[in-house]
Student: 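Sharing a structure, written as structure tokens. Questions coming.
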There are 4 protein chains.
Amino acid sequence: MAVQSKTKEKIINAAVSLFNVKGFNGTSVREIATKAKVNVANISYYFDGKEGLLENLVISFFEGYIQELEQAFQFSNHESSKDCLLRIIHSILKYQHENRNVSRLVYREISLDTTLIREVMTTYLTKEKYYLKMVLERGMKEKEFKKLQTSFIIMQLKSMLSMPYLHPQYLTEVLHLLPHEQYFVSQYEKELERWVYMTICTSYESVNAIRMHLS
Amino acid sequence: MAVQSKTKEKIINAAVSLFNVKGFNGTSVREIATKAKVNVANISYYFDGKEGLLENLVISFFEGYIQELEQAFQFSNHESSKDCLLRIIHSILKYQHENRNVSRLVYREISLDTTLIREVMTTYLTKEKYYLKMVLERGMKEKEFKKLQTSFIIMQLKSMLSMPYLHPQYLTEVLHLLPHEQYFVSQYEKELERWVYMTICTSYESVNAIRMHLS
Amino acid sequence: MAVQSKTKEKIINAAVSLFNVKGFNGTSVREIATKAKVNVANISYYFDGKEGLLENLVISFFEGYIQELEQAFQFSNHESSKDCLLRIIHSILKYQHENRNVSRLVYREISLDTTLIREVMTTYLTKEKYYLKMVLERGMKEKEFKKLQTSFIIMQLKSMLSMPYLHPQYLTEVLHLLPHEQYFVSQYEKELERWVYMTICTSYESVNAIRMHLS
Amino acid sequence: MAVQSKTKEKIINAAVSLFNVKGFNGTSVREIATKAKVNVANISYYFDGKEGLLENLVISFFEGYIQELEQAFQFSNHESSKDCLLRIIHSILKYQHENRNVSRLVYREISLDTTLIREVMTTYLTKEKYYLKMVLERGMKEKEFKKLQTSFIIMQLKSMLSMPYLHPQYLTEVLHLLPHEQYFVSQYEKELERWVYMTICTSYESVNAIRMHLS
DNA sequence: AATGAATGAGCCTTCATTCAT
DNA sequence: TATGAATGAAGGCTCATTCAT
């Protein structure tokens, strides 16, 4: 991320924006080079091929993602699990928003069945699952959270976190929302908070929470 | 769907399964033809090219989808909005499960920025939104549902409905769930019901619902 | 030419018009069939393939051409060679005009190097040359015509006869002539007559001819 | 024409010779590449496709053609129109002979109905017509030439100039002439001169000319 | 006599990559 | 570091033809 050749950076930017619109396989290296105003051969030179370029993007995205997650996860013993979970959600939303273009392409390419993806799964996403599970189980143990199947909770959480990046056009053109605006992100975070209070937190607390939330 | 040439059907099946694994752009017509044990030229002959094949898949998927949705939407005046919403969710989950392979590729390809997709948006998904909004607003008017922004509710609902088809590998390999099993679908439907009770229905009812649900 | 199936005729008409615009190799049998509103397979059925269709056109064109030529060539001993030559020219122009679409494509396809063309050369065009040579040599022998190299005369004559069919667009769009109009044909025939008088007929006669012509 | 990559040149040479024998549409890029001992992709690389290759050939042919024509057209006020016209004819014959292979294919392809051809018409051939008309009209004004319709004169001239390239096989195999030999070109030029004297120049002069010519 | 399905061969173009410079 | 030429492989598509009906 630090100091890297202007060329390398230009390629990355061009690639990300093209992959988002036309997908990885639908984009040619020549298009990328043209958009980046760079010679085609540089893509092979710097990234060892088109595949390598994608790998670079995906890996460095997840590297930062996990780092962010780990930071958010560090909680003191006195902190409630709920607060920790909310902080994690906040961090992820923030990270995704800051890297919104890469987020989008990563979430799509991850739906394919390639070697790269399988590797990502077994490293980064397993790690992510580990942290989420930790928080959830701690919360359950301390009766803060309802006794629920963590898998299903994680599934729902993940689906909501990735939604704005998987279907930005749907949000824009059908629901008339503006997923790229900071305002949207804040709103959406509140929705997720509500979801945490309502569906995860133990019922009594949740009822109170609703009152607080609505007041 | 009715009676169609063996060849046409074979092409569709091969295409769906390949598109799922390698994506539309990552799949060649020759691969499809080989897998379908059919001559390549038939793809152009029957679908007017590879693009047309995708279009055919997407459109016939949504045609059935909307039909299912419309059926589920027909509610008597005495029925509660909640029951209607639950029936809609059930129908969608059922339809998606029955067409799970097409569902998967449709949800992925829909994340690209093509003419086809934009057309689908403005016809099928706008229609879908219309129905969902109707139910939600009726429920709100009759105090059955909380006063919430329909856009955000729809967004969450859609994200959860599409999740199992967008990231099946994640479910399988990270969460160790089996999204293709009927059992999973039933379980997941309960989760969505819970989500309806908890986050949409008015709080009093929801509290009762939880009791019922947990009992 | 007599009674033949409607289908066969429709194919021929469509083919001729398409070959003229896009050339033989630039036209597909499917285009022909579509234009003729006939099933593609009929082309193979009736003409034994696309090649056979061309062959049919070329051969039947030249069959009629030679027949016309032979008729025009029959001259009584008392007739002047000049009159015979002029009648031949008239016949050819008439035949070409009546079959103007086929003429055009035949003259173009004849510029290629195929087996069909080579066969046509050695039969029809050699025959044509024979007749022209006969007339010319008779005329020379009788001092009606100047002593000239028949090859070059034939060459010039042929070039002028075929011109309107080889470059109709040039005539239309650059010279603003109307090669398809009967009026043009008459005018052009007069030009050729003038050419006969001026460049072939013995000089004294030619001078008189000019006077007559101009008066 | 100047310095250009070996590959580019090899492609052009191969293309010209193949187009001549089998026509543009009858020749495949692979054939060209094979004959040129070059990779197929280079055709698209250098000429932007097969169509572009033809365009390149046609345009650079006419570019040189017009240049030659313009040079020949520059006449001093003291020079007779006849001499100017003869010089133009000489230049064209020379240019065509020097580029005999391209000439042939250009004259044939020009008989098709494509966008390229229509463009060529309206630029180069209109220009050519302009120059020819200038000379002819000047000659007529000064009573050097007979009062004739320029269109028809141009038509005859053009037909004779292009003949050897449109039907070389006819000349070779039927008339037993050798259009590619320098000797033929000289002979043919004399024929055209004769044509100029006989059919264009005013009669008195023409009679003298014939005497000179025959002596 | 005429058709629609199906084929195998071939079309032109574009691909990602390499390599000498 | 960066380039333009050149490549072999593969891309999607269209071709003329065949065949059972």
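In the text below, chain A, chain B and the rest are named by the order of the sequence lines, each starting its count at 1. Quick caveat: nothing in here was measured; it's all calculated off a predicted structure.
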Student: D/Ile43 has an atom CD1; how far is it from atom P of E/dC15, in whole Å?
Tutor: 17 Å

Student: Please determine if a side-chain N or O atom of D/Tyr45 lies less than 4.0 Å away from the OP1 or OP2 oxygen of F/dA5.
Tutor: yes

Student: Enumerate, in order of first residue number, the stems that involve DNA chain E, defined as 3 or more consecutive Watson-Crick or G-U wobble pairs with both distances under 3.5 Å.
Tutor: E:2-21 with F:2-21

Student: Please examine the side chains of D/Asn56 and D/Ile12, heavy atoms only from C-beta on, and report whether any two atoms are closer than 4.5 Å.
Tutor: yes

Student: Please classify the nucleic acid contact of C/Phe47 as base, sugar-phosphate, or nothing, using heavy-atom distances under 4.0 Å.
Tutor: nothing

Student: In whole Å, I'd like the distance from the NZ atom of B/Lys6 to the P atom of F/dA20.
Tutor: 20 Å

Student: What is the distance, rounded to the nearest whole Å, between atom OH of A/Tyr46 and atom P of E/dT18?
Tutor: 17 Å

Student: Among residues at least two apart in sequence or on other chains, which ones pass salt bridge (Lys or Arg N to Asp or Glu O under 4.0 Å) with D/Glu63?
Tutor: none

Student: Let me know the distance between CD1 of B/Ile11 and C1' of E/dA5, rounded to the nearest Å.
Tutor: 11 Å

Student: Suppose we screen for ring-ring contact (aromatic ring centres under 6.0 Å, His included). Which residues come up paired with C/Tyr124, at least two apart in sequence or across chains?
Tutor: C/Phe62

Student: May I have all residue pairs that pass side-chain hydrogen bond (donor to acceptor under 3.5 Å, both in side chains) and include part of residues 13-24 of chain C, sequence neighbours excluded?
Tutor: C/Ser17-C/Lys35, C/Lys22-C/Glu31

Student: Rounded to the nearest Å, what distance is computed from the NZ atom of residue B/Lys22 to the C1' atom of nucleotide F/dG11?
Tutor: 13 Å

Student: Show every salt bridge (Lys or Arg N to Asp or Glu O under 4.0 Å) that has at least one partner inside residues 108-118 of chain D, sequence neighbours left out.
Tutor: D/Asp113-D/Arg118

Student: Hey, can you pull the residues of residues 48-59 of chain B with a non-hydrogen atom under 4.0 angstrom from DNA chain F?
Tutor: B/Gly49, B/Lys50

Student: Using a cut-off of strictly less than 4.0 Å, decide whether B/Asn42 has a side-chain nitrogen or oxygen near OP1 or OP2 of E/dA5.
Tutor: no

Student: Who are the side-chain contact (heavy atoms from CB on, under 4.5 Å) partners of C/Asp48, not counting sequence neighbours?
Tutor: none

Student: Test of understanding: with side-chain contact (heavy atoms from CB on, under 4.5 Å), list the residues that count as partners of A/Val29, not counting sequence neighbours.
Tutor: A/Val40, A/Ile43, A/Lys50

Student: For B/Asn39 and F/dC19, what is the distance between atoms CG and P respectively, to the nearest whole Å?
Tutor: 15 Å

Student: When you measure from the side chain of C/Gln169 to the backbone of D/Leu112, do you find a donor-acceptor pair of N or O atoms at a distance under 3.5 Å?
Tutor: yes

Student: Would you say the side chain of C/Leu105 lies within less than 4.5 Å of the side chain of C/Asn101, judging by non-hydrogen atoms?
Tutor: no

Student: Which of residues 27-38 of chain C have a heavy atom under 4.0 Å from DNA chain E?
Tutor: C/Arg30

Student: Return each pair, listed once, that meets ring pair (Phe, Tyr, Trp, His ring centres under 6.0 Å) where at least one residue sits in residues 23-55 of chain C; pairs must be two or more places apart or across chains.
Tutor: C/Phe19-C/Phe24

Student: When you match C/Val40 and D/Val40 each to their closest nucleotide on DNA chain F, which lands nearer the 5' end?
Tutor: D/Val40

Student: Would you say A/Thr7 places a side-chain N or O within less than 4.0 Å of OP1 or OP2 belonging to F/dA2?
Tutor: yes

Student: Taking only residues two or more places apart in sequence or in another chain, which ones pass salt bridge (Lys or Arg N to Asp or Glu O under 4.0 Å) with D/Glu173?
Tutor: none

